[in-house]
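Data first, discussion second: the structure below is written as structure tokens.
Remember, it's a predicted structure, so these values are computed and weren't measured experimentally.
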Amino acid sequence: TRVALDRIAGRAALLERIRQIDAAAGGSVTQIRRTSSDRWLFLRREPQDNQFRLYWRQGADGADSLLLDPEALGKRDGKSLAIMDFAPSPDGRLVAYSLQAGGSEIGTLHVIEVESGREVLAPIDRVRYPSVSWLDDGSGLFYSRLREGYEKLPPAERFSDRTRHFRALSGGDDRRVFSPSLNAELKLPGYASGHVMQVPGRPLAAAVVTLGVERHRLLFVAELADALKGTARWRKVVDLDDKVADLAFSGDWLYLKSAADAPRFKLLRLPLADPRIDRAETVLPAGPEVIVSLEAARDAVYVTRRRGAALELLRLGGTERADAAVVPMPFEGSIAIVDAEPALDGVVLSLGGWTRVAKPYLLGKDGPPQRLALARDGAFDAPDDVEAREVLVRSHDGVLVPMSILSRKGLKLDGTNPAIVYGYGAYGNTEDPFFGPRLYAWLEQGGVFAVAHVRGGGVYGEQWRLAGFKATKPNTWKDAIAAAEWLIASGYTASSRIGVYGGSAGGILVGRAITERPDLFAAAV
């Protein structure tokens, strides 16, 4: 492999440029979490780091304190360690974090004091993305754990019957509170996964159940006291037929993002006092825009909605539909809600675009979003010689497929430019506007990077996902083929200079595109 790679003309120079751009990056910040004590926790990785480190600071502008360095721990213990996830207690006094060893995605859960680093619980093994959820008062936590002896089971059964546990900090047993086998009366399949949490501010527990890669969820509720003992009598609130893809609790209400008779989704709400789906009222009706995400803070419910290639943020601060107001943004692009806390006003956002790296912002109860100084600016965060273009491509059956094209400004459409078509097209996932500095190494040399929003993805909602799913899956790779043909016909590139790229489920797109049209592509990943 090394010999083959080293023979590629120009590769060494391109790699050196990528290294220069990487070294000039501002670092990555992710998983920002706020607490009621104004203690902030977040993961950051500098350009020279292999792994993210966990930091905390008092206040958004406070000094950084390093809480956990997995690389240093790994060198000490002779292992390759990484942070899977973390969750601070509501008051910020404690933090639960999980470490994985050797890229296995299976590791240990730890709970420590933030200021002292002192462990308050013995490490808990057999965790795989434990998704910790704290009680409101911080006295205990729910988390997920694999079955004892999972490693001895056949590979297809090792991660089934995953169990949700509860552990009180004041002592007591590790208590099983939810799983397909523990709650056999619910008749859930073994691959179901239940995320149990306290409904904020209420003596209620909620079990949000995911069925493998099914995008719609089930919801059960029970008395919190019973859930903590593992004796809950769960009442079903949402079934698969309700097509609920997201939910949030806010005050006296449960908000639901539903695709029922709404392929681009609608927003419903139910009173928590009597949460019956037949009593749901519509807060945001179905429309031409796609409702993307939903989060609840103390002051409002926040919703992101896709309008064309860009996203917008809505704040629902009252009880009437008219109270849904669009929040002005500093620029058009992608909007992701990074952190919303039921005890705090406002939300932390990640704002980015096709020609600018995403950065964190704080949107308070009043005023515009304010940039957070959690990471340095990079030299290539927003190059001024790159532009983005949105086009519609006619696919094999006449359907118009959106495509986003990034290139250098003033690019000549003479058919000689190298081009990459990227696509995914599964699970309703979307490629919202993004930019990575490494991509600049390709664009500055005249390369074209095109993102094909193929069927199977979610750019037009549930209907678009189902149009590239199971029996309709061929539309996914045929849309990618149409995207490549459009780029060639429009003078961007030629079949001898175009590649197709996709990972994970995107490998289906790539694999079938190159076997159906081997003449069309010069390279594939």
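Side-chain contact of R215 with N429: a donor-acceptor pair under 3.5 Å is present, judged by distance alone. Under the 3.5 Å distance criterion, with hydrogens and angles disregarded, no donor-acceptor pair is assigned to the side chains of T430 and H453. Residues Y361 and R371 bring no donor and acceptor atom of their side chains to less than 3.5 Å of each other. With hydrogens and angles left out, the side-chain atoms of D85 and S98 include a donor and acceptor closer than 3.5 Å. No side-chain donor-acceptor contact under 3.5 Å links T163 and H165.
Separating the CD1 atom in I32 from the CG atom in L374 is a distance of 5.0 Å, to the nearest 0.5 Å. Atom NZ of K257 sits about 12.0 Å away from atom CG of L284, to the nearest 0.5 Å. To the nearest 0.5 Å, the span separating CG on L272 from CZ on F249 amounts to 6.5 Å. Rounding to the nearest 0.5 Å gives a distance of 10.5 Å between OG of S193 and CG of L188. The distance from atom CG of L294 to atom CG of L314, rounded to the nearest 0.5 Å, is 11.5 Å. Atom CG of residue L219 and atom CG of residue L270 lie 9.0 Å apart, to the nearest 0.5 angstrom.
The backbone N or O of F52 sits nowhere less than 3.5 Å from a side-chain atom of R45 that would complete a donor-acceptor pair. In this structure a side-chain-to-backbone donor-acceptor pair under 3.5 Å is present from R145 to D125. Using a distance-only test at 3.5 Å, with no hydrogens or angles considered, no donor-acceptor pair links the side chain of T30 to the main chain of L43. Between the side chain of W134 and the backbone N or O of V95 there is no donor-acceptor pair closer than 3.5 Å. Side-chain N or O atoms of Q100 include none that pairs as donor or acceptor with a backbone N or O of M84 at under 3.5 Å. Between the D137 side chain and the S139 main chain, a donor and an acceptor come within less than 3.5 Å of each other. No side-chain donor-acceptor contact under 3.5 Å links D345 to the backbone of G364. Of the possible donor and acceptor atoms, none in the side chain of R455 sits under 3.5 Å from a partner among the backbone N and O of G468. A donor-acceptor pair is defined here as one N or O able to donate and one able to accept, closer than 3.5 Å; such a pair exists between the side chain of S89 and the backbone of L94. In this structure, the side chain of D91 engages the main chain of R93 through a donor-acceptor pair within 3.5 Å.
You'll find the side chain of D22 reaches within 4.5 Å of the side chain of R438, heavy atoms only. For the pair I106 and F159, the minimum side-chain heavy-atom distance is below 4.5 Å. Between R389 and S407 the shortest side-chain heavy-atom distance does not fall below 4.5 Å. Residues V196 and F166 form no side-chain contact, since every pair of their non-hydrogen atoms from C-beta on lies 4.5 Å or further apart. Residues V238 and R217 form no side-chain contact, since every pair of their non-hydrogen atoms from C-beta on lies 4.5 Å or further apart. Side chains of W253 and E281 form a contact here, defined as non-hydrogen atoms less than 4.5 Å apart. Residues Y427 and R465 are not in side-chain contact: their nearest non-hydrogen atoms beyond the backbone lie 4.5 Å or more apart. Within the 4.5 Å cutoff, the side chain of E115 has no heavy atoms near those of the Q58 side chain.
The side chain to side chain contact (heavy atoms under 4.5 Å, CB included) test with R44 is passed by exactly one of D49, L54, D64, L66: D64. Partner E289 forms a salt bridge (Lys or Arg N to Asp or Glu O under 4.0 Å) with one of R264, R307, K266 and no other, that one being R307. In summary, of the residues considered (F435, F434, F331), a ring-ring contact (aromatic ring centres under 6.0 Å, His included) with W354 occurs for F434 alone. Remark: of the listed residues F449, Y422, Y424, Y422 is the sole one forming a ring-ring contact (aromatic ring centres under 6.0 Å, His included) with Y501.
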Query raised in the report: Are W234 and F178 close enough, and set up right, to give a side chain to side chain contact (heavy atoms under 4.5 Å, CB included), and what steps lead you there?
Result: CA-CA 10 Å; W234 296 100; F178 191 93; 3.5 Å; yes
Report task. Any chance you could lay out the side chain to side chain contact (heavy atoms under 4.5 Å, CB included) test for V451 and M403, step after step, and finish with the verdict? Result -> CA-CA 6 Å; V451 178; M403 180 164 63; 5.9 Å; no
Query raised in the report: Checking side chain to side chain contact (heavy atoms under 4.5 Å, CB included) for the pair F265/R305: CA distance, chi angles, key distance, verdict?
Result: CA-CA 10 Å; F265 302 103; R305 189 167 65 181; over 6 Å; no
Query raised in the report: Would V459 and V290 count as a side chain to side chain contact (heavy atoms under 4.5 Å, CB included) if you check the C-alpha gap in whole Å, the side-chain angles of each, and the deciding distance to 0.1 Å?
Result: CA-CA 8 Å; V459 70; V290 179; over 6 Å; no
Query - Working for salt bridge (charged side-chain N to carboxylate O under 4.0 Å, His left out), residues R33 and E341 - result: CA-CA 9 Å; R33 300 287 180 265; E341 301 294 339; 5.4 Å; no
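Heavy atoms from other residues, nucleotides or ligands lying under 6.0 Å from CG of D261 number 12 at most. Atom CD of E113 is surrounded by more than 12 heavy atoms from other residues, nucleotides or ligands within 6.0 Å. Heavy atoms of other residues, nucleotides or ligands lying less than 6.0 angstrom from CD of E332 number 12 at most.
A salt bridge is defined here as a Lys NZ or Arg NE, NH1 or NH2 lying under 4.0 Å from an Asp or Glu carboxylate O, and E223 with R233 fails to meet this definition. Ion pairing of E387 with K409 is absent here, as no side-chain N (NZ or NE/NH1/NH2) approaches a carboxylate O to less than 4.0 Å. For R202 and D252, the salt-bridge test passes: some basic side-chain N is under 4.0 Å from an acidic carboxylate O.
In terms of heavy atoms, T282 sits closest to L268 at OG1-CD2, 3.6 Å. Contact detail for P369 and P328: the closest heavy-atom pair is CD-O, 3.7 Å. Taking each heavy atom of R176 and S179 in turn, the nearest pair found is NH2-OG, 3.7 Å. When all heavy atoms are compared, the tightest approach of A262 to A286 is CB-CB, 3.6 Å. Across A340 and I337, no two heavy atoms sit closer than the pair CB-CG2, 4.4 Å. In this structure, D432 and S334 approach most closely via the heavy-atom pair CB-CB, 4.0 Å.
Sorted by first and then second residue, the pairs that involve residues 369-390 and meet ring pair (Phe, Tyr, Trp, His ring centres under 6.0 Å), not counting sequence neighbours, are F380-Y440.
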